[in-house]
Amino acid sequence: MKVAVFALGMMPLICGATEPPLLPPTEGTTWNYDLVQEKPSEGFDITKPNEEEHLAVSYRLGGIEKIDDKDLQRLEIYRGDTLESVDFIAVEERGITCPARADSRGAVTKLVPPQIMLATPLKTGTSWNFDAAISDTKVNQRYEIAGEEDVDVPAGKFHAWRIHCEQTSPALATIDRWFVPGTGFVKVETVAKAPSGGVLQRSSLALKEPPKVTSSPKKSTTPQSEKLSAGISSEPGGGFKTEFKADAPAIYARWRGEGLPDHAKIRVVFIAENVADVSADSEIDESNTVAPAPNANGTFTLSQPEAGWAPGSYRVEFYLDDALTETVKFKISK
């Protein structure tokens, strides 16, 4: 079973360097963004336009924290007033790196190798790769500075460096970031793609106002409710179905989570309920993945057997951290 997973909100990381500075170095410097996410329409029906969701996202430079005897600066990431994660960043000869990050509970994950957020020198053609495993999730990204461009966002008009990223794992995606020395990242556009290359989802992050120094937001006392929705289809982006033909090339089990716990485990089990020559309620396949963010979605793919699908009744069970959350029943006919 093949697994595809991506985060709904893929955000920029804002870092600093010296001579000249890449961004204001003052502790408390805050960047406020408008995050626009295209959410698939109800039932993932591709004949309907995607819905847009607007979220307030902030990045704030915190104090210095020592990890493995190395002084790293906190880069705090908030949705509204809720701290979502912290990146620990460092300025090195090769550019800006992120050797570790922490989730909302403070659990630290070390990145080996450290993730390069921005490579120097800032010039067209500068490129770098990031190949690592983060919390059991394999990440493969290729970055290149594409050149200088003018960009218009709510914070104003900027002349920026555009950094292009091609991601092949944990899911296909392209990420374009516009960086302005002395200001930071002013815009980010992300396109999540299906294995076939088709567009699954778009998101954008735009700076709403110039960076400013602020105090740390008060901690939110109301946790976001957990929600996992799921369904199955015969296409990576098609509408959900409950009946398939025996010659269907594949069956796609798709899930979408909102407010998931950090590093939530998503597991899917395909079961033959009533199929000729197969014991009742026999498990035919199982796979799992780790949600990369509280708001994320993904696809599990079950490919057609060599002899085709056996007609009968089936079900797919979706589990969130080993708790059965969704059950979808379907039939396969000749």
Side-chain angles (χ1 to χ4, degrees), residues 1-11 35 37-44 51 53 55 77 79-80 82-85 101-109 133-139 169-171 173 192 194-195 200-201 203 220-233 236-242 250-273 281-302 314-330:
M1 188 186 301
K2 298 179 180 178
V3 181
V5 60
F6 50 88
L8 295 182
M10 303 181 73
M11 308 175 192
L35 172 62
Q37 294 181 162
E38 287 187 1
K39 300 177 63 177
S41 58
E42 184 176 355
F44 293 86
E51 303 171 0
E53 180 182 28
L55 299 169
I77 304 167
R79 286 205 182 200
T82 301
L83 178 64
E84 193 164 81
S85 61
R101 62 173 47 112
D103 61 23
S104 59
R105 296 171 296 184
V108 175
T109 298
I134 303 176
S135 299
D136 298 324
T137 299
K138 185 179 180 181
V139 180
S169 182
L200 289 177
Q201 186 183 38
S203 67
S220 174
T221 58
T222 304
Q224 186 178 12
S225 60
E226 299 173 11
K227 180 182 178 182
L228 182 72
S229 58
I232 57 175
S233 66
F240 289 153
K241 301 174 64 176
T242 57
I251 294 176
Y252 299 90
R254 305 207 306 273
W255 59 270
R256 180 170 69 199
E258 296 181 2
L260 299 178
D262 294 318
H263 311 307
K265 180 181 178 182
I266 311 297
R267 180 165 63 97
V268 64
V269 181
F270 285 83
I271 296 172
E273 285 189 337
D281 293 327
S282 293
E283 181 180 317
I284 58 176
D285 207 348
E286 176 180 340
S287 190
N288 63 78
T289 189
V290 175
N295 297 330
N297 61 40
T299 303
F300 295 92
T301 305
L302 188 64
Y314 297 79
R315 73 175 183 269
V316 182
E317 296 179 345
F318 294 85
Y319 292 80
L320 172 60
D321 287 335
D322 295 324
L324 179 60
T325 305
E326 290 276 349
T327 299
V328 180
K329 296 191 175 187
F330 66 98

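Values in this document were obtained by computation on a predicted structure and should not be read as measured data.
For A173 against A192, the heavy-atom pair with the smallest separation is CB-CA, 4.2 Å. Contact record, P261 with D321: CG-OD2, 3.9 Å, taken as the closest heavy-atom pair. Of all heavy-atom pairs between A272 and Y314, the closest is CA-CD2, 3.8 Å. The nearest pair of heavy atoms linking R315 to T327 is CD-CG2, 3.9 Å. Heavy atoms only, all atoms of each residue included: A264 and L260 are closest at CB-CB, 4.1 Å. The heavy-atom pair separating P170 from V139 by the smallest distance is CD-CG2, 4.2 Å.
Side-chain contact between F330 and I251 is present, with heavy atoms from C-beta onward closer than 4.5 Å.
Here R267 contributes atom CZ and T289 contributes atom OG1; the two are 13.5 Å apart, rounded to the nearest 0.5 Å. A distance of 4.5 Å separates CG in L324 from OH in Y319, rounded to the nearest 0.5 Å. Between the CZ atom of F270 and the CD1 atom of I284 there is a distance of 7.0 Å, given to the nearest 0.5 Å. Note that CZ of F300 and CD1 of I232 are 14.0 Å apart. Values are rounded to the nearest 0.5 Å. From T299, atom OG1 reaches atom CZ of R256 across 11.5 Å, with rounding to the nearest 0.5 Å.
N297 contributes no side-chain N or O that, together with a main-chain N or O of W255, makes up a donor-acceptor pair within less than 3.5 Å. For the pair S169 (side chain) and K138 (backbone), a donor-acceptor distance under 3.5 Å is present.
Exactly one residue among I271, L302, V268, V316 makes a side-chain contact (heavy atoms from CB on, under 4.5 Å) with D285. That residue is L302. Exactly one residue among T325, N288, L320 makes a side-chain contact (heavy atoms from CB on, under 4.5 Å) with I266. That residue is L320.
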